[in-house]
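Single-structure report; data block below.
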Amino acid sequence: MKKLAIITGAGSGIGRATAILFHKNNWDLLIIGRDPVKLAETKKLCIHGSGQIHVEPCDVGNESQVKTLASKMSLLHPESIALVNNAGIFKNHQVGEGGSELWLNQFQVNLFGAVFMLQQILPLMNIQFPHSIVNVASTLGLRPTAETSAYSASKAAMVNWTQSLALGLGAKNIRVNCVCPGIVDTPIQAFNRQPPDEKSKSLEQLKSLQPLGRVGTPEEIAESIYFLASENSRWTTGAILSVDGGINLA
Ligand SMILES: NC(=O)c1ccc[n+]([C@@H]2O[C@H](COP(=O)([O-])OP(=O)(O)OC[C@H]3O[C@@H](n4cnc5c(N)ncnc54)[C@H](OP(=O)(O)O)[C@@H]3O)[C@@H](O)[C@H]2O)c1
């Protein structure tokens, strides 16, 4: 069976680590993001597998770009498909603040981007083969903070949407699950825009919030995404998996 993993936001962080892991397991890849340079770097890092790697720059929040992408995807004649809706943006703001542009941007990428991808890929999912969708939400989608309401609401919507999809798509041989990462060391985190000594201080402060005593790595989230996408979890659908060092309980 030909297996194709379609991974959005694959040019950095969790998406890049996920692409490398699928490739290591000999899946074909379609890696998506806005920046072709970052995607090319991800492709270069996929050295341990034998699958083909297709690179497609695309803004997932732009429905017409996603439609164009889907028409190219159909030419790949995929059998089993894993769609990883990982692309995301984060902007914090004081509660009650954050204008319509901020709210629309957060939802356009974090939720509608995933919806557009699903709508275009669904017709390619042939019922004869098993398929899976993994949505990357956030621990903030389960338990928000005051300063992250737009981002948290977009991720909470993704959690809820995952469950609707799981209910509706099981009969089509499609499983749908969600990973909720905690604080992970990737470019999206503000501490990665600090000079190295300040970043060390920030990480030290964050330690005290973490039951497991440290922030996560992109590879640790990739392992969970891969588990939910692969046949290892063939009887799991509608799961919302926290991979967060326990911070959701703290
Ligand atoms: N790191 C954390 O602590 C954490 C915690 C919880 C949840 N998450 C979630 O994990 C996911 C991955 O984030 P990350 O931590 O790996 O951060 P990241 O390195 O910033 O990755 C986000 C990726 O999304 C891509 N992207 C952003 N807007 C896009 C768009 N409109 N179309 C296509 N691609 C787009 C970015 O690439 P381009 O700019 O090139 O498009 C980037 O590669 C996100 O959904 C994030 O919300 C992260």
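Numbering of ligands and ligand atoms starts at 1, following listing order. Just so it is clear, the structure is predicted and the values come from calculations on it, not from any experiment.
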OG of S224 to CG of D244: how many Å apart, nearest 0.5 Å? 10.0 Å

In this structure, atom 48 (C) of ligand 1 is nearest to the protein heavy atom I14 CD1, 4.0 Å

Is any side-chain heavy atom of V115 closer than 4.5 Å to a side-chain heavy atom of W161? yes

Check this for me, if you would: do E41 and K44 make a salt bridge, where the nitrogen-to-carboxylate-oxygen distance has to be below 4.0 angstrom? yes

Considering only protein heavy atoms, which is closest to atom 38 (P) of ligand 1, and at what distance to one decimal place? K38 NZ, 3.4 Å

Looking at D35, which atoms of ligand 1 are within less than 4.0 Å of one of its heavy atoms? 40 (O)

Heavy-atom contact under 4.0 Å between A137 and ligand 1? yes

Distance from atom 34 (N) of ligand 1 to nearest protein heavy atom, with residue and atom: A87 CB, 3.6 Å

Does either side chain, that of S233 or that of R175, offer a donor lying less than 3.5 Å from an acceptor on the other one? yes

CG (L29) and CD (E56) are apart, to the nearest 0.5 Å, by 13.0 Å

Heavy-atom nearest neighbour in the protein, as seen from atom 6 (C) of ligand 1, with distance rounded to 0.1 Å: P181 O, 3.3 Å

Are any of the N/O atoms in T139 less than 3.5 Å from those in ligand 1? no

Counting heavy atoms only, which of A114, G182, G61 comes nearest to atom 5 (C) of ligand 1? G182

Out of curiosity, T139 OG1 to N248 CG, how far, rounded to the nearest 0.5 Å? 3.5 Å

Quick check: does S138 get an N/O under 3.5 Å from an N/O on ligand 1? no

Please determine whether any non-hydrogen atom of T8 lies less than 4.0 Å from an atom of ligand 1. no

Which residue in the set L165, L228, I133 passes side chain to side chain contact (heavy atoms under 4.5 Å, CB included) when paired with N177? L228

For atom 46 (C) of ligand 1, state which one of F191, F90, Y151 supplies the nearest heavy atom. Y151

As a quick check of understanding, evaluate side chain to side chain donor-acceptor pair (under 3.5 Å) for T162 and N135, giving each step before the final call. CA-CA 7 Å; T162 298; N135 293 324; 3.0 Å; yes

Quick check for you: to the nearest 0.5 Å, what is the distance between W103 atom CH2 and Q108 atom CD? 14.5 Å

Full working for salt bridge (charged side-chain N to carboxylate O under 4.0 Å, His left out) between E198 and K201: CA-CA 5 Å; E198 279 180 40; K201 278 188 209 150; over 6 Å; no

Check each atom of ligand 1 against the heavy atoms of I89 and keep those under 4.0 Å away; list them by number with element. 27 (C), 28 (N)

Tell me whether S242 contacts the main-chain N or O of C180 through its side chain, where contact means a donor paired with an acceptor under 3.5 Å. no

What atoms of ligand 1 come closer than 4.0 angstrom to any heavy atom of G9? 23 (C), 24 (O), 25 (C), 43 (O)

Side chains of K199 and N192 only: does a donor on one sit below 3.5 Å from an acceptor on the other? yes

For R193, does the CZ atom sit with more than 12 other heavy atoms under 6.0 Å from it, leaving out its own atoms? yes

So the atoms of ligand 1 within less than 4.0 Å of a heavy atom of D59 turn out to be 30 (C), 31 (N), 32 (N)

If you take the nearest heavy atom of each of G13, G88, P187, which one is closest to atom 22 (C) of ligand 1? G88

Between K155 and ligand 1, which residue portion shows a heavy-atom distance shorter than 4.0 Å: side chain, backbone, both, or neither? side chain

Just which atoms of ligand 1 are under 4.0 Å from any heavy atom in G33? 33 (C), 34 (N), 41 (O)

Of the protein's non-hydrogen atoms, which lies at the shortest distance from atom 29 (C) of ligand 1, and what is that distance? R34 NE, 3.4 Å

Could you list which atoms of ligand 1 come closer than 4.0 Å to a heavy atom of Q189? 2 (C), 3 (O)

Candidates S12, A10, S154; heavy atom nearest atom 21 (O) of ligand 1 found on S12

With atom 32 (N) of ligand 1 as the reference point, say which of V184, V60, I188, T186 has the nearest heavy atom. V60

Quick one: does ligand 1 sit under 4.0 Å from the side chain of Q108, the backbone, both or neither, non-hydrogen atoms only? neither

Side-chain touch L203/F191, heavy atoms, less than 4.5 angstrom: yes

At a non-hydrogen distance cut-off of under 4.0 Å, which region of I32 contacts ligand 1 (side chain, backbone, both, or neither)? neither

Heavy-atom contacts under 4.0 Å between C58 and ligand 1: side chain, backbone, both, or neither? backbone

Using heavy-atom distances only, which candidate in N86, I183, V136, N135 approaches atom 44 (C) of ligand 1 most closely? N86

Taking C-beta and beyond as the side chain, do H54 and M73 meet within less than 4.5 Å on heavy atoms? no

